[in-house]
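Notes for the one structure printed next.
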Amino acid sequence: MTTERYNPRETEPRWQKVWDDTNLFECDTSADNEKPNYYVLEMFPYPSGRIHMGHVRNYTMGDVVARYKKAKGYEVLHPMGWDAFGMPAENAAMQNKTHPKGWTYDNIAAMRKQLKSMGLAIDWSREFATCDVDYYAQQQRLFLDFLKHDLVYRKNAKVNWDPVDMTVLANEQVIDGKGWRSGADVEQRELTQWFFKISDYSEELLGAIDTLNDWPAKVKLMQSNWIGRSRGARIKFPFVKSESVVEKELICFSTRPDTLYGASFMAIAAEHPITLELAKTNAKLQDFVQQCRKMGTSAADVEKAEKRGFDLGLTVAHPFIEGKELPVYAANFVLMDYGTGAIFGCPAHDQRDLDFARKYDLEVTSVVASLDEPDQPYSVENTAFIDDGILINSGPMSGLRKAEAIDKAIDVLAENNQAEEEINFRLRDWGISRQRYWGCPIPVVHCDTCGVVPEKYENLPIELPEDVTFDIPGNPLDRHPTWRNVACPSCGRPAKRETDTMDTFVDSSWYFARFVTPQNENPVDPKAANKWLPVDQYIGGIEHAILHLLYSRFFSRAMSVAGHMDISEPFKGLFTQGMVVHETYGNKDIGWFQPAELEIREDEGKRTAVRLDNGQEVPIGGIEKMSKSKRNTVDPDDIMQTYGADTARWFMLSDSPPERDVEWTDAGAEGAHRFVQRIWRLVQIWADTVASADLPSSDADISTLRKATHKTLKAIGEDIEKLSFNRAIARIYEFVNVLSGVKLETQDAPTVSAMREGLFVLIQVIAPMMPHLAEECWKALGNKTVVSAEGWPQFENSLAQDDLLVLPIQINGKKRAEIEVSPEATPSEIEDASLALDVVQKFLDGKSPKKVIVVPKRIVNVVI
RNA sequence: GCGGGCAUGGCGGAAUCGGUAGACGCAAGGGACUUAAAAUCCCUCGGCCUUAGUGCUGUCCGGGUUCAAGUCCCGGUGCCCGCACCA
């Protein structure tokens with residue numbers, strides 16, 4: 001028999017057209033649809049221009065779930081859209097003299113075509129981009145609703161300011177404290193900006209984490225820590241030496257009031273009102289404040305910077321120790337936006353305080369003893385002692401353990417009216433103002449008479465003007481006269497439109513809800529949203545573990561408060577997939593080379609990379625995340641042209657567990673492609689023979705082939721439910737090995753029937769992963785239907801179980817023998833049978849065992 | 001700096017709740033088929049050994065708990081992700 005090779009270039013577009021023509025993946029979200037519903041969503045892409053392998057991995061995983069759930073009888077919602085606002089479009093506009101809008105929609109068209117060639121089971125009728133006027137008009141409405149419900153306000157906040165380009169920079173655009181284009185030293189500037197009151201929901205967002213049973217534990221932990229609830233005391237320190245300062249006392253927040261007896265200094269933020277007041281008359285302090293402002297706004301920068309302080313010449317009285325005074329410093333490591341912007345320093349029991357104390361030669365008094373040596377204070381050199389311990393030399397707290405000492409300190413301070421207990425959260429309000437063009441305009445107007453006035457609902461949408469240029473840095477909206485100058489919605493007098501646009505995180509905080517009714521005249525249809533939300537399975541990168549997911553959780557609540565729906569948690573199940581990584585070639589001196597520009601040679605185990613254009617050798621570097629800067633990318637288009645979408649999909653699912661990084665290798669892709677051909681060959685060999693065969697009769701036919709079929713079917717269902725695609729794939733390999741082992745010459749009726757059943761099951765279980773190949777095989781096996789529309793086959797429990805189990809027998813924890821037992825055997829039966837074995841008798845040497853442990857269905861351990 | 005994660009053969013990984021470490025795949029070596037190559041099929045494949053044995057050893061390093069540890073606990077090392085204006 002001759003077999004022809006499978007040609008994905010011919011079959012894949014053909015089957016995609018069949019699915020498309022029959023609207024196979026369109027979802028019916030109407031209320032009268034009584035099928036159980038399932039919403040699977042992958043994080044939508046930013047339209048950068050081309051899809052990358054990370055997208056292929058992400059969307060393949062979601063596609064397997066979507067196709068599997070559809071086969072299981074669910075009405076499946078699996079949509080796609082574009083996170084289309086953002087900086088890269090403006091950067092492209094500046095570099096290539098394009099318009100952000102044209103650039104973005106061109107990119108969307110290109111990427112849509114690429115995604116479609118992957119054969120994804122997506123309902124494309126729901127597609128939208130966040131830069132579509134229809135979408136951001138609804139978002140402006142939500143903003144006005146939030147404003148009405150007191151969830152939005154204005155306050156001052158710092159931004160990175162490039163004094164040469166005269167523009168605000170994102171943290172990403174600040175490199176080593178300098179502007180990425182101008183190279184100028186970046187400064188901090190205060191601007192009045194819009195904020196969402198996410199911090200009102202701190203307690204709620206924290207508490208509800210417990211209900212997220214289908215989220216990874218690590219993401220829940222990261223969110224908990226991010227919200228950062230801490231109980232402590234707001235302590236008043238009366239000024240002793242205060243000179244020009246008006247305040248009578250300095251108020252600080254501390255989670256460790258138990259260590260007050262070890263306090264040796266006070267530190268306040270450079271932005272603290274007292275610091276700023278004193279700086280007015282003190283040039284050196286003014287200088288210090290300026291230095292702190294050059295630090296950059298990111299938390300990592302602040303905390304990595306060397307601890308620096310400025311003695312303000314003030315002192316405060318210690319609340320407990322009569323006559324003790326503490327000097328007050330301004331310090332660069334104290335954050336104005338956490339607590340009260342002031343701390344007391346206890347160097348012995350806080351590492352930052354210790355670093356600071358060592359630098360400025362301040363007293364270090366240890367007041368906590370370790371649990372091992374409870375009688376003497378822990379001796380501190382350059383490492384602060386922060387573990388649990390016993391308080392010592394600490395007045396009323398002496399002798400207490402950390403937790404009780406904290407309670408005691410708060411009680412005593414509160415009694416004397418020196419402090420109040422306070423719960424603090426690390427979570428800050430969400431600043432959404434961006435001084436940029438390519439975003440959703442904030443629908444408010446600034447009027448000299450009326451102040452800040454919300455736009456009227458009937459004036460929405462506030463559309464972005466298209467006649468803008470990007471030849472000079474800054475926000476073109478600021479210099480657009482006709483767009484900017486408007487009549488005040490309240491008094492009608494000349495006023496100015498807000499030119500800030502919204503953070504793109506706002507766009508991505510509710511798109512999942514819009515997909516349910518993408519054309520609705522309101523942001524969502526409450527009935528449909530309540531039926532379809534939360535998203536059953538959300539899949540995306542771990543890099544979104546905190547911000548995007550937390551903002552979306554806030555948004556669901558805010559939209560519910562505003563009456564749009566009644567949902568608190570947006571994502572029932574969450575899965576964070578790993579990255580696609582690749583070897584790098586080159587270095588920073590000679591530059592980096594793409595895998596496609598090189599040939600990898602292998603000589604006696606030694607690998608070298610050689611340039612295709614001039615034959616020069618290029619050093620092989622580490623395996624890193626695929627990125628434009630290292631050029632270690634593989635274009636999905638090339639792969640799909642060479643091997644087809646099914647091969648790319650299969651490779652992205654196999655080998656690595658989905659939550660871990662996967663390395664793209666040519667060998668792996670070739671291996672995946674060989675498997676595609678192997679299945680096609682197997683089906684061709686058997687197609688004619690099984691076409692006329694009956695399905696196996698249910699009576700006592702327990703061939704190993706049928707057992708393998710039903711065991712595989714059972715296991716793969718479980719694996720897909722758990723998103724363990726790599727394990728499902730290993731089982732498919734094993735199953736194909738079994739099927740390939742059956743010789744065509746063995747054409748007795750039961751074998752052919754079992755083979756027919758096995759091949760049908762094989763094609764149905766690979767269909768979610770390699771849908772085009774599956775369709776082609778399904779047809780070859782004589783089916784007139786499309787396999788993508790078929791139900792999921794049912795396994796027979798009796799066939800999916802083993803008749804006999806092989807148990808290992810250990811002697812003193814080392815495996816020495818095996819024993820076959822029935823699954824129903826009792827522990828004492830297993831024990832007796834095990835002890836009767838020759839091997840076991842030999843080791844026992846006439847003695848009786850000390851102990852025999854029998855773990856049913858697992859192991860026997862004989863302890864001698 | 002802070003928060004979170006990961007570490008198993010030459011490589012990716014498997015090992016359900018603490019119960020046979022290395023399933024499955026890739027690479028490599030040997031063989032079959034072929035004029036030859038590709039494709040395909042078969043075999044071997046963690047390390048060690050005067051004893052080739054249901055032998056010893058082995059899951060990043062050092063301790064510990066347990067009848068039993070890749071898995072749990074304590075202490076290290078290395079790498080990765082996030083840090084609020086990248087998306």
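Note: hydrogens, waters and symmetry copies are ignored here, and every other heavy atom, side chains too, is used. Chain letters run A, B, ... following the sequence lines, proteins first and then strands; every chain starts at 1.
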query = When the aromatic ring centroids of W664(A) and F651(A) are compared, is their separation below 6.0 Å?
reply = yes
message = So that I know where these two stand, are W430(A) and Y551(A) an aromatic pair - ring centroids less than 6.0 Å apart?
response = yes
task = Assign V159(A) to base, sugar-phosphate, or nothing according to its heavy-atom contacts below 4.0 angstrom with the strands shown.
result = base
message = Could you check C17(B) for me: syn (within 90° of 0) or anti?
response = syn
query = Ignoring hydrogens and angles, does a donor from either the side chain of E663(A) or the base of C11(B) sit under 3.5 Å from an acceptor on the other?
reply = no
inquiry  = Heavy atoms from C-beta onward define the side chain here; which of A39(B), A87(B), C85(B) lies closest to that of A170(A)?
reply    = C85(B)
request  = Write down the partner of G19(B) under the Watson-Crick or G-U wobble criteria, each distance required to be under 3.5 Å.
outcome  = C67(B)
request  = Return yes if the base of C85(B) and the side-chain atoms of Q193(A) contain a donor-acceptor N/O pair under 3.5 Å, otherwise no.
outcome  = yes
remark   = From CD1 of I386(A) across to C1' of G1(B) the rounded distance in Å is 12 Å
request  = Just call it for N737(A): base, sugar-phosphate, or nothing, with non-hydrogen atoms closer than 4.0 Å on any strand.
outcome  = sugar-phosphate
inquiry  = For F575(A) together with Y538(A), are the ring centres under 6.0 Å from each other?
reply    = no
inquiry  = Need one value for F675(A): base, sugar-phosphate or nothing, where a base atom within 4.0 Å counts as base even if backbone is also close, heavy atoms only.
reply    = nothing
remark   = In whole angstroms, the gap separating C1' of C67(B) from CZ of R858(A) amounts to 17 Å
message = Check for me whether the distance between the ring centres of W510(A) and Y135(A) falls short of 6.0 Å.
response = yes
ask   = M502(A) has an atom CE; how far is it from atom C1' of A87(B), in whole Å?
value = 18 Å
ask   = Which part of the nucleic acid, if any, lies within contact of K850(A), taking any heavy atom under 4.0 Å across all strands shown: a base, the sugar-phosphate backbone alone, or nothing?
value = nothing
query = How long is the line joining CG of N812(A) and P of C67(B), in whole Å?
reply = 12 Å
task = Answer with base, sugar-phosphate or nothing: what part of the nucleic acid does W430(A) contact at a heavy-atom distance below 4.0 Å?
result = nothing
query = For K155(A), does the NZ atom have more than 12 heavy-atom neighbours from other residues, nucleotides or ligands under 6.0 Å away?
reply = yes
ask   = Glycosidic conformation of G82(B), syn or anti, with 90° from 0 as the boundary?
value = anti
Value in whole Å for how far the P atom of U40(B) lies from CZ of R678(A) = 9 Å
message = Are there over 12 heavy-atom neighbours, none belonging to K857(A), within less than 6.0 Å of that residue's NZ?
response = no
query = Is D429(A) salt-bridged to K197(A), cutoff N-O under 4.0 Å?
reply = no
ask   = Contact class for G431(A) vs. all strands (heavy atom < 4.0 Å): base, sugar-phosphate, or nothing?
value = sugar-phosphate
ask   = Does the side chain of N171(A) get closer than 4.0 angstrom to OP1 or OP2 of A84(B) through an N or O atom?
value = yes
inquiry  = What's the closest nucleotide to the side chain of I859(A) if the choices are U20(B), G13(B), C86(B)?
reply    = U20(B)
query = Between G1(B), C85(B), C24(B), which nucleotide gets closest to the side-chain atoms of Y733(A)?
reply = C24(B)
query = Base, sugar-phosphate, or nothing for V168(A), non-hydrogen atoms under 4.0 angstrom?
reply = base
query = For H544(A), which contact category applies under a 4.0 Å heavy-atom criterion: base, sugar-phosphate, or nothing?
reply = base
remark   = Scanning all shown strands, the Watson-Crick or wobble mate of A28(B) with both distances under 3.5 Å is U44(B)
inquiry  = Could you tell me the Watson-Crick or G-U partner of U54(B), where both distances fall under 3.5 Å? Say none if there is no partner.
reply    = none
request  = Select one nucleotide: of A27(B), C85(B), A14(B), the one nearest the side-chain heavy atoms of R674(A).
outcome  = A27(B)
message = Regarding I729(A), tell me which of base, sugar-phosphate or nothing describes its non-hydrogen contacts under 4.0 Å with the strands shown.
response = nothing
task = Just call it for S654(A): base, sugar-phosphate, or nothing, with non-hydrogen atoms closer than 4.0 Å on any strand.
result = nothing
Rounded interatomic separation in angstrom, taking CZ from F333(A) and P from C83(B) = 24 Å
key: Carboxylate-amine/guanidinium contact K714(A) E718(A), below 4.0 Å   = yes
query = Which is true for R436(A) with a 4.0 Å heavy-atom rule: it touches a base, it touches only sugar-phosphate, or it touches nothing?
reply = base
Base paired to C2(B) (Watson-Crick or G-U; both N/O distances under 3.5 angstrom) = G82(B)
task = Using atom CG of L550(A) as one end and atom P of G4(B) as the other, report the distance to the nearest whole Å.
result = 16 Å
task = Please state how far atom CG in D507(A) lies from atom C1' in A87(B), giving the value in whole angstrom units.
result = 11 Å
request  = May I ask which nucleotide in the shown strands pairs with G62(B), Watson-Crick or G-U wobble, both distances under 3.5 Å?
outcome  = C74(B)
query = Hey, does V806(A) reach any base, or is it just sugar-phosphate, or nothing, if we go heavy atoms under 4.0 Å?
reply = base
query = So what does V863(A) touch, heavy atoms closer than 4.0 Å: a base, only the sugar-phosphate, or nothing?
reply = sugar-phosphate
hbond_proxy N861(A) side chain to C67(B) base (donor-acceptor, 3.5 Å cutoff) = yes
query = Which part of the nucleic acid, if any, lies within contact of S508(A), taking any heavy atom under 4.0 Å across all strands shown: a base, the sugar-phosphate backbone alone, or nothing?
reply = nothing
